[in-house]
Amino acid sequence: MASPNGPAADPQFAPVLAALATMQGTVERDQKYQATQFLEQFQKSPEAWTVAHAILQSENVAVEAKLFAATTLKGKITYDIHQLPRESLVPLRNSLLSLLVSYRKGSRPIRTQLCVCLAGLALQMLEWKDVIGLVVSTLGNDVESSVCLLEFLRVLPEEVTEGRKVSLTEEELTVRSQELLTENATQVLALLVQYAQSTANIAPSPALISCLNSWLREIPVSDIVKTPLVDVVISALSSEPALDSAVECLCNMFRETREVDESQDVIQALYPRVLSLRPKIAEAVQEEDIEKFRGYTRIFAEAGEAWVVLISRLPVEFRGLVEAIAECAAMDVERDVISLTFNFWYELKNYLVLEKYIEARAQLADIFARLVDIMVLHLHYPKGSEADPFDGDREAEEKFREFRHSMGDVLKDCCEVIGSTECLGKAFALVQQWMQQYAASDQKGVNGQVNNWQDLEAPLFSLRAMGRMVPADEELVLPQIMASLVQLPEHEKVRFAATLVLGRYTEWTSKHPDYLELQLNYITSGFKHSSKEVERAAAMALKFFCQDCGKLLVGHVGQLHQFYEHVAGDLPLQSLYEVTDGVAHVVAAQPLDKIYEALRLFCEPIAKRLMDKANSANDEKTKCELADHIQLLSIFVQVVHPHVPKGMENPMIRFWSEVFPILATILESFVDFVPICERVSRCFRSMLISYRTDMLPLLPQMATKLVACFEKSNQGCFLWVTGAVIREFADEEYVDEATRNSIYQFLEHQCLTMFRLLNKTSPTEIPDVIEDFFRLLVDGVMFHPYKLMRSSLLQPIFDASLASLELQSVDPLNAVLQFLRDVLAYGRPSPPTSAYPDNPTAVQDAVKAMALNKGEAITQKILSGLMYSFPRDCVPDSSGVLLALVELCPDPWLQWMKHTLEILPAGSISPAEAQKFLKTLESAVTTRDWKKIRYTLQDFTTWYRRKNVTPRTTVMGIEGIEGSRFQFSG
């Protein structure tokens with residue numbers, strides 16, 4: 001390690017300083033790693049208490065080392081308080097107070113850490129009752145000490161709120177929160193007022209405002225507005241250092257008044273002060289002070305959100321607030337803060353559309369009409385170069401695209417308030433205005449360019465954005481719009497926008513067939529455009545056109561087929577998918593007696609091209625192209641599924657029976673290529689979902705193929721198709737017992753193949769297959785519970801689940817945990833699903849026996865995962881499994897928990913903490929308080945993890961728990 005700089009270090013802490021110097025110096029990576037490991041171990045050791053204090057008290061140590069020492073103390077107080085005798089806590093408290101006095105004029109980060117230390121100690125030192133009084137008497141004598149006091153008061157509520165970091169029971173935490181916060185709220189308010197009055201002649205203190213903000217949940221806002229503190233916060237808006245704190249504090253006050261009927265007096269006190277800030281909006285814009293502008297916008301927007309009910313009840317009185325929010329939106333030329341207003345407009349709209357608030361809707365309609373103009377203005381592309389308006393700034397372009405869609409949502413809100421016809425009319429008026437200028441040659445550029453195209457494209461985008469809100473029977477504006485769109489000048493961005501507008505109004509077109517041919521010609525001509533963007537828009541529009549106007553196009557199948565065959569070879573893949581989806585909807589709209597031939601017309605050429613591609617696919621690129629084009633058949637399967645009367649042959653099954661051998665041949669030929677296997681599997685699953693029990697004639701071939709392919713390739717996609725078979729053929733009303741038995745045997749066969757795979761492969765090597773397997777088993781438990789529970793497969797399945805609990809990925813782990821929850825639920829008298837009214841005793845006994853046999857191993861694995869390696873998203877299902885076990889085996893479960901704690905690493909948990917945890921669990925188990933068991937487990941494992949697991953921890957589980965290597969001899 002490197003030597004520490006500065007005067008000779010005290011031997012007591014010289015190694016720590018040397019390690020810190022190594023961390024900050026230019027040394028080899030291995031040395032830094034060793035230093036990091038040393039410091040992490042040091043922070044966990046009992047000696048760290050003394051050494052950290054010694055470093056903080058030394059005059060010859062650098063600030064960085066002292067900050068490390070303060071941080072170390074914070075961790076010790078949070079996680080290692082058990083290392084100290086109880087009688088040492090008072091000297092520790094006094095030492096911290098002394099250090100705070102020493103550092104009241106020193107480094108703020110160190111002072112903050114010491115305040116956190118003292119607050120953490122106050123939370124856990126239950127016998128310390130006069131916390132605020134003692135700290136005030138120690139720190140409250142001068143301005144510097146007062147700042148330190150404010151810092152402590154600020155962090156105290158935060159530490160109490162984060163109380164689950166420390167080893168306190170829920171009851172202890174509740175009582176301590178009452179003692180530290182609720183009972184001291186009045187005293188703290190008086191202290192803040194006193195400090196504000198004593199510093200009235202100097203700039204507002206960010207520390208004061210941050211402290212007030214921290215106590216807002218404890219001190220009623222109704223008490224605060226009776227003091228000078230509100231005026232202090234308002235005045236702080238003019239102070240750059242205090243601006244952010246003041247904005248945050250005001251917004252939190254607004255949130256505390258959301259229950260407007262209970263907060264009328266508070267709102268009456270706050271509203272005039274908020275409204276008096278309105279001139280500051282223009283002032284901030286004029287000064288080009290974006291932070292002030294952002295702050296004022298947030299204040300008005302959040303006040304509006306909090307008081308939106310009052311705005312709806314009293315629109316005249318609160319109109320000024322709504323106007324101020326609209327003003328913020330209008331003045332945001334750079335579109336930096338307008339998004340802060342979006343949620344307000346949405347919330348207000350939700351009230352104004354109610355009949356109860358029709359008067360408010362009328363009173364505020366003009367503001368929403370103006371808001372349409374504001375939004376359309378902000379939708380404009382920048383005036384950059386013709387080829388690239390963003391001049392190469394792709395990040396700005398992406399941000400603009402996302403931003404436009406959010407503004408489109410605001411336009412939808414406007415449509416609901418003032419009506420879609422008025423909103424459409426405002427946008428169309430801008431289009432007409434541009435066209436008049438264009439006709440006068442003002443917009444015609446050289447070489448066919450269209451000048452100022454941004455002024456046309458923006459209202460076109462707004463028309464598209466509002467499409468969902470326009471009823472299909474709109475007759476005033478849309479006919480004019482539709483007639484005009486196809487006559488717009490040729491420009492890539494304009495053509496793109498106009499095409500997407502047509503795609504958005506296809507429901508309207510389906511009710512107005514006179515416009516169909518005109519629009520269809522405009523859309524299809526887009527496929528000849530030189531721009532790929534326009535081509536993409538045309539594909540999307542055609543998709544929606546065919547979906548909504550399919551019945552109008554029933555007689556045009558031949559022409560559509562010719563068009564499809566003409567463009568299919570040249571389209572980008574995503575556009576080809578969209579066009580395919582569109583023509584599939586036209587096929588689906590055919591009469592039942594013609595649907596087979598229509599499907600054959602489109603799909604036979606696709607199947608032929610697939611065989612051609614399969615015969616020439618000899619590298620990864622061509623194999624991926626083959627996989628991508630299999631999706632074309634899947635699209636037809638997903639879309640074309642007509643209603644077929646019971647007892648009548650499904651013409652779709654007749655056709656897909658002809659195609660199935662082609663897909664099976666491709667699958668056999670490329671069973672080792674994952675993308676092709678997944679695409680074919682997706683097609684099979686789509687068939688099962690679309691045609692359900694009509695798939696029975698194809699089922700034997702499909703099952704045979706799935707079994708063979710899973711045996712050859714061990715790919716999970718064949719398992720999720722197996723799951724689809726189980727789900728779709730589960731209904732006893734439509735599926736005979738013989739078929740259900742065959743399907744269960746199919747499930748067993750897939751399980752046996754999986755067991756053989758696990759004999760030679762660790763779950764950590766195949767997490768995706770593990771996920772698919774346990775998702776399949778969840779389906780098995782759902783639809784064949786009694787067969788599975790009494791099967792000889794149950795034990796190896798449990799063994800596989802134990803082995804799989806070594807995983808660290810969310811989705812596979814949750815699949816395993818959900819399976820365990822579902823199985824253990826059958827150990828109770830009442831089955832977990834209404835599909836099976838009775839749960840046989842034999843099934844209950846089988847599950848209970850398995851719970852007793854494997855319960856300790858499962859408990860240890862899950863507890864180990866919760867304490868070391870499981871992702872946070874696995875916590876609910878993990879708790880669910882443990883709760884299911886404790887319900888079935890309460891006394892053994894407590895013993896399993898005790899044994900698990902006994903094999904934890906030495907020093908990771910004290911005997912007192914372990915005993916406290918076990919005692920809490922035992923009490924909850926006795927009273928069958930499942931909720932208490934759940935949060936006790938979650939709090940304990942979270943605390944343990946924070947205390948013992950670091951980003952560099954190499955141990956990812958408890959050593960010494962039962963081995964989990966899977967072995968199957970069947």
Side-chain angles (χ1 to χ4, degrees), residues 157 161 185 189 209-210 212-227 229-234 236-237 243-278 280-281 292-329 332 337-354 356-357 359-361 363-364 367-368 371 406 409-410 413 417:
T161 302
L189 178 60
I209 297 168
S210 295
L212 174 62
N213 191 31
S214 187
W215 279 82
L216 274 176
R217 289 188 177 179
E218 305 300 327
I219 303 175
V221 182
S222 57
D223 292 344
I224 295 173
V225 296
K226 298 173 185 175
T227 72
L229 290 174
V230 174
D231 293 324
V232 170
V233 176
I234 295 288
L237 295 170
L243 173 65
D244 290 342
S245 299
V247 171
E248 185 68 30
C249 190
L250 275 175
C251 291
N252 281 331
M253 286 186 190
F254 301 151
R255 293 189 194 110
E256 293 296 318
T257 62
R258 281 182 177 271
E259 297 296 330
V260 294
D261 290 324
E262 300 171 8
S263 308
Q264 289 188 19
D265 293 342
V266 178
I267 296 171
Q268 286 176 6
L270 288 175
Y271 181 56
R273 290 179 166 97
V274 171
L275 209 56
S276 69
L277 297 172
R278 186 173 173 183
K280 300 287 186 180
I281 301 171
K292 275 190 179 180
F293 184 42
R294 182 186 304 278
Y296 291 125
T297 302
R298 187 179 166 200
I299 287 169
F300 285 114
E302 296 215 20
E305 289 178 41
W307 304 334
V308 67
V309 179
L310 282 181
I311 295 172
S312 304
R313 293 177 186 169
L314 306 167
V316 176
E317 291 85 342
F318 282 88
R319 180 184 174 89
L321 179 56
V322 184
E323 289 177 335
I325 299 170
E327 188 176 335
C328 290
D332 186 18
V337 303
I338 189 175
S339 60
L340 296 174
T341 71
F342 290 167
N343 193 56
F344 164 73
W345 300 118
Y346 172 75
E347 296 282 353
L348 182 57
K349 175 267 297 185
N350 284 340
Y351 283 96
L352 296 185
V353 296
L354 301 175
K356 180 179 180 180
Y357 299 115
E359 181 183 344
R361 192 190 321 165
Q363 290 285 347
L364 301 175
I367 299 179
F368 275 86
L371 187 60
S406 296
D409 291 337
V410 178
D413 295 335
V417 175

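Keep in mind that the numbers below use all heavy atoms, side chains included, and drop hydrogens, waters and symmetry copies. Positions are given from 1, in the same order as the sequence printed here.
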Measuring only between side-chain heavy atoms, which start at C-beta, is [X] closer than 4.5 Å to [Y]?
| X | Y | value |
| --- | --- | --- |
| Leu189 | Trp215 | no |
| Val247 | Cys251 | yes |
| Thr257 | Trp307 | yes |
| Tyr296 | Val337 | no |
| Leu348 | Leu364 | yes |

Taking all heavy atoms of [X] and all of [Y], pick out the closest pair and write down the distance.
| X | Y | answer |
| --- | --- | --- |
| Asn213 | Cys249 | OD1-CA, 3.6 Å |
| Val233 | Met253 | CG2-CE, 4.4 Å |
| Ala301 | Phe344 | O-CB, 4.1 Å |

Could you give the distance from [atom1] ([X]) to [atom2] ([Y]), rounded to the nearest 0.5 Å?
| X | Y | atom1 | atom2 | answer |
| --- | --- | --- | --- | --- |
| Thr227 | Ile224 | OG1 | CD1 | 7.0 Å |
| Glu256 | Ser222 | CD | OG | 10.5 Å |
| Arg294 | Leu243 | CZ | CG | 11.0 Å |
| Lys292 | Lys280 | NZ | NZ | 6.5 Å |
| Arg258 | Ile267 | CZ | CD1 | 11.0 Å |

[X] side chain to [Y] main-chain N or O, any donor-acceptor pair under 3.5 Å?
| X | Y | answer |
| --- | --- | --- |
| Ser263 | Val260 | no |
| Ser214 | Ser210 | no |
| Asp413 | Lys349 | no |

Quick one: salt bridge (charged side-chain N to carboxylate O under 4.0 Å, His left out) pairs with a partner in residues 213-222, sequence neighbours left out?
none

Arg298/Glu248 salt bridge by N-O under 4.0 Å criterion
yes

Residues 308-329 side chain polar contacts: donor-acceptor under 3.5 Å, at least two apart:
from, atom 1, to, atom 2, distance (Å)
Ser312, OG, Val308, O, 3.0
Arg313, NH1, Asp261, OD1, 2.7
Arg313, NH2, Asp261, OD2, 3.3
Arg319, NE, Glu323, OE2, 2.9
Arg319, NH1, Gln363, O, 2.8
Arg319, NH1, Asp366, OD1, 3.2
Arg319, NH2, Asp366, OD1, 3.3
Arg319, NH2, Asp366, OD2, 2.4
Glu323, OE1, Arg278, NH1, 3.2
Glu327, OE1, Arg278, NE, 2.9
Glu327, OE1, Arg278, NH2, 3.2

Who are the salt bridge (Lys or Arg N to Asp or Glu O under 4.0 Å) partners of Arg361, not counting sequence neighbours?
none

Taking salt bridge (Lys or Arg N to Asp or Glu O under 4.0 Å) as the definition, give me every residue that meets it alongside Asp231, ordered by chain and number, with sequence neighbours left out.
Arg273

Pick out which of Leu250, Ile234, Leu340, Ile281 makes a side-chain contact (heavy atoms from CB on, under 4.5 Å) with Ile299.
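Exactly one candidate clears the test, Leu250.
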
Run the ring-ring contact (aromatic ring centres under 6.0 Å, His included) test against Phe368 and tell me which residues pass, sequence neighbours left out.
Trp345

Those residues that, when tested against Thr297, pass side-chain hydrogen bond (donor to acceptor under 3.5 Å, both in side chains) (two or more places apart):
none

Assess whether atom OH of Tyr346 is packed by more than 12 heavy atoms of other residues, nucleotides or ligands within 6.0 Å.
no

